[in-house]
Amino acid sequence: MRIAYIDCFAGISGDMFLGALIDAGLDPAILQQATAALNLDASLKIEKVDRSGISSTKVHVYEAAKLAEETHVHHSNDDSSNHQQTHSHQHLPRTQHQHKTGHVHDHAHDQEHAPGHTHGRSLTVIRDLINAGTLPPAVKQTAIHAFELLGASEAKIHNVPIEKIHFHEVGAVDAIVDIVAASAGIHALAVDKWHCSPLNVGGGMVDCAHGRFPVPAPATADLLRGLPTSSAHIEKELVTPTGAALIRALAPTFGPQPAMRVQHIGYGAGTRNPKDFPNVLRLNIGESDQATTTPNTDTVTILETAIDDLSPQILAYVTERALTLGALDVMSTAVQMKKGRLGTLLTILADDAQASALEDLLLRETSTLGVRIHHERRSCLDRAHTTVATPYGEIRIKLGSRNGEVFNAAPEFEDCRTAAAKHNVPLKLVQQAAIAAYRR
């Protein structure tokens with residue numbers, strides 16, 4: 001089984017993750033093509049750099065001929081290539097500062113802005129931008145999921161609907177490219193299972209739109225809720241919102257590196273180059289060293305509640321929100337409750353890291369007075385993908401296997417739906433063609 005381990009001893013950001021992917025052997029053309037597909041006049045510049053003696057890969061995002069991150073950095077008079085400034089004129093690196101998180105806009109507020117103020121993109125705008133690009137459906141889904149996770153955290157912090165959140169730096173070209181290109185790289189690697197170390201968030205204070213906060217700043221802290229974190233080595237912010245959102249979207253297993261035969265090692269460089277602290281993200285890719293007879297098992301958290309007085313519309317909304325927050329699956333079962341009332345048993349499967357946010361969702365959004373939470377062991381087939389050529393284009397086939405024997409093969413629904421719409425043919429015809437191509 002192909003696995004990857006993300007070592008976040010110096011935190012994680014979107015550009016560090018891109019650098020680590022390339023440094024570990026991913027074809028840079030995959031990330032360049034994903035960037036071009038967004039039609040933002042953006043491109044990537046890739047270079048080898050030194051970070052405290054460690055050779056690593058740095059990825060820069062350019063908007064037209066200009067470094068994209070410079071287009072939304074205000075009041076900078078620091079000539080150092082390793083530093084930028086915020087409104088407070090503190091010499092800080094590009095990370096979560098004044099415009100890194102979401103911001104709530106209303107028309108009165110908009111009119112009060114100075115002429116130089118640039119509005120951020122809303123979640124709807126970002127979602128439409130990604131969907132309009134010529135990207136594989138799975139890449140779009142992962143990228144949108146990352147932005148939805150970030151939007152959910154911002155909405156919770158500001159206590160407003162998610163669609164009213166406007167992202168500033170996270171909605172800027174470089175951040176959108178970071179997340180979309182990272183999503184393309186994630187799927188191109190075809191890793192069966194992701195693992196991650198505890199995240200070093202750094203320390204000190206950070207300037208945000210609403211004042212000074214201790215690291216991590218509010219949006220990042222909410223995204224990291226329930227995940228193992230630490231604060232060590234350096235008094236700077238090390239985990240950015242894009243990095244936290246990507247980790248959430250990946251939903252890796254946290255802990256020390258599992259037994260594996262490492263085949264590729266990549267180092268992705270951060271912007272800053274502090275003395276005696278390698279500001280890099282390390283990515284190890286290889287094969288699991290588990291015995292072939294060992295089943296692929298893990299533990300999932302089950303959250304359940306039975307409801308007999310809630311609108312089906314709200315139940316549907318809660319189901320959608322649960323999946324956005326990282327639930328592995330959501331099930332609704334018709335049940336008969338006390339006094340002969342018909343109700344719905346809502347069951348959510350999730351990794352333990354997402355359990356707290358999902359528990360909060362059920363208590364806040366439904367009429368329940370309590371949630372049952374327990375853990376269960378599950379046995380899973382090893383998952384992989386292969387691609388087949390059909391008269392309607394390339395379709396990915398999801399494979400489920402154990403010990404090298406394929407038990408299940410199913411065409412990816414989103415690929416089939418996209419192909420069916422493009423060629424104006426029945427969806428089932430595309431699915432049948434994909435299975436036939438796989439069996440040949």
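Hydrogens, waters and symmetry mates are skipped; everything else that's a heavy atom, side chains included, is used.
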Pairwise side-chain contact, [X] with [Y], heavy-atom cut-off 4.5 Å (strictly under):
X: Ser288; Y: Pro258; value: no
X: Pro411; Y: Ile397; value: yes
X: Asp415; Y: Pro136; value: no
X: Val191; Y: Ile186; value: no
X: Glu287; Y: Arg2; value: yes

Under 3.5 Å: donor-acceptor pair, side chain of [X], backbone of [Y]:
X: Glu394; Y: Ala389; value: no
X: Thr299; Y: Arg377; value: no
X: Thr390; Y: Ala434; value: no

Roughly how far, to the nearest 0.5 Å, is [atom2] of [Y] from [atom1] of [X]?
X: Asn200; Y: Thr229; atom1: CG; atom2: OG1; answer: 9.0 Å
X: Tyr317; Y: Glu365; atom1: OH; atom2: CD; answer: 4.5 Å
X: Leu135; Y: Leu38; atom1: CG; atom2: CG; answer: 5.5 Å
X: Ile22; Y: Phe17; atom1: CD1; atom2: CZ; answer: 11.5 Å
X: Thr386; Y: Lys398; atom1: OG1; atom2: NZ; answer: 14.0 Å
X: Thr253; Y: Trp194; atom1: OG1; atom2: CH2; answer: 12.5 Å

Test: salt bridge (Lys or Arg N to Asp or Glu O under 4.0 Å). Region: residues 247-271. Which pairs qualify, not counting sequence neighbours?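 The answer is Arg261-Asp289.
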Once salt bridge (Lys or Arg N to Asp or Glu O under 4.0 Å) is applied, what residue pairs with a partner in residues 23-37 remain, sequence neighbours excluded?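 Those involving residues 23-37 are Asp23-Lys48.
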Run the side-chain donor-acceptor check on residues 30-37: report pairs under 3.5 Å with partners two or more places apart or on a different chain.
unit_1, atom_1, unit_2, atom_2, d
Gln32, OE1, Leu44, N, 3.3
Gln32, NE2, Leu44, O, 3.1
Thr35, OG1, Leu31, O, 2.8

What's the shortest heavy-atom distance between [X] and [Y], and which atoms?
X: Gly11; Y: Leu281; answer: O-CD1, 3.5 Å
X: Ile285; Y: Ala24; answer: CD1-CB, 3.9 Å
X: Ala244; Y: Thr220; answer: CB-CG2, 4.1 Å
X: Phe254; Y: Ser197; answer: CD2-O, 3.5 Å
X: Gly370; Y: Thr305; answer: O-OG1, 3.1 Å
X: Asp15; Y: Val59; answer: CB-O, 3.8 Å

For residues 323-349, which side-chain donor-acceptor pairs fall under 3.5 Å, sequence neighbours excluded?
unit_1, atom_1, unit_2, atom_2, d
Thr324, OG1, Glu320, O, 3.1
Thr347, OG1, Glu304, OE2, 3.2

Any ring pair (Phe, Tyr, Trp, His ring centres under 6.0 Å) involving residues 223-243? Give me the pairs, sequence neighbours left out, ordered by first then second residue.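 Residue pairs passing ring pair (Phe, Tyr, Trp, His ring centres under 6.0 Å), neighbours aside: His233-Phe277.
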Just jot down the salt bridge (Lys or Arg N to Asp or Glu O under 4.0 Å) partners of Arg321, sequence neighbours excluded, or say none.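 For Arg321, no residue satisfies salt bridge (Lys or Arg N to Asp or Glu O under 4.0 Å) once neighbours in sequence are set aside.
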Pro214: partners by side chain to side chain contact (heavy atoms under 4.5 Å, CB included), with sequence neighbours left out: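 If we apply the side chain to side chain contact (heavy atoms under 4.5 Å, CB included) test to Pro214, skipping adjacent residues, the hits are Met205.
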Looking at residues at least two apart in the chain, or sitting in another chain, which of them share a side chain to side chain contact (heavy atoms under 4.5 Å, CB included) with Ala251?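 Asp351.
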Stepwise, does the side chain to side chain contact (heavy atoms under 4.5 Å, CB included) test hold for Ile179 with Ile130? CA-CA 10 Å; Ile179 288 180; Ile130 294 171; 5.9 Å; no
Who pairs with Asn284 by side chain to side chain donor-acceptor pair (under 3.5 Å), at least two apart in sequence or on another chain?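 Side chain to side chain donor-acceptor pair (under 3.5 Å) list for Asn284, sorted by chain: Gln257.
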Going by the rule side chain to side chain donor-acceptor pair (under 3.5 Å), which residues pair with His385 if we only count those two or more places apart in sequence or in a different chain?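 With sequence neighbours excluded, His385 shows a side chain to side chain donor-acceptor pair (under 3.5 Å) to Glu412, given in chain and number order.
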Could you walk me through whether Cys380 and Lys193 satisfy the side chain to side chain contact (heavy atoms under 4.5 Å, CB included) test, starting with their C-alpha distance in whole Å, then the side-chain angles of each, then the deciding distance to 0.1 Å, before giving a yes or no? CA-CA 12 Å; Cys380 305; Lys193 191 170 182 61; over 6 Å; no
Apply side chain to side chain contact (heavy atoms under 4.5 Å, CB included) to the pair Asn279 and Met16, showing each step before the final yes or no. CA-CA 9 Å; Asn279 186 27; Met16 291 171 77; 4.0 Å; yes
Crowding at CG, Asp309 (>12 non-hydrogen neighbours, <6.0 Å):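 Atom CG in Asp309 is crowded, with more than 12 foreign heavy atoms closer than 6.0 Å.
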Return each pair, listed once, that meets side-chain hydrogen bond (donor to acceptor under 3.5 Å, both in side chains) where at least one residue sits in residues 420-440; pairs must be two or more places apart or across chains.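 Passing the test, one end in residues 420-440: no pairs.
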Provide the full list of side-chain hydrogen bond (donor to acceptor under 3.5 Å, both in side chains) pairs with a residue in residues 128-152, sequence neighbours left out, each pair given once.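 Qualifying pairs, neighbours excluded: Arg127-Glu148, Thr142-His187.
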Any side-chain donor near an acceptor of the partner, Asp178 and Thr242, under 3.5 Å: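 Their side chains do not contain a donor-acceptor pair, so the 3.5 Å distance test is not met.
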Working note: Leu21 + Leu283, criterion side chain to side chain contact (heavy atoms under 4.5 Å, CB included); need CA distance, chi angles, decisive distance, verdict. CA-CA 7 Å; Leu21 289 173; Leu283 175 64; 3.9 Å; yes
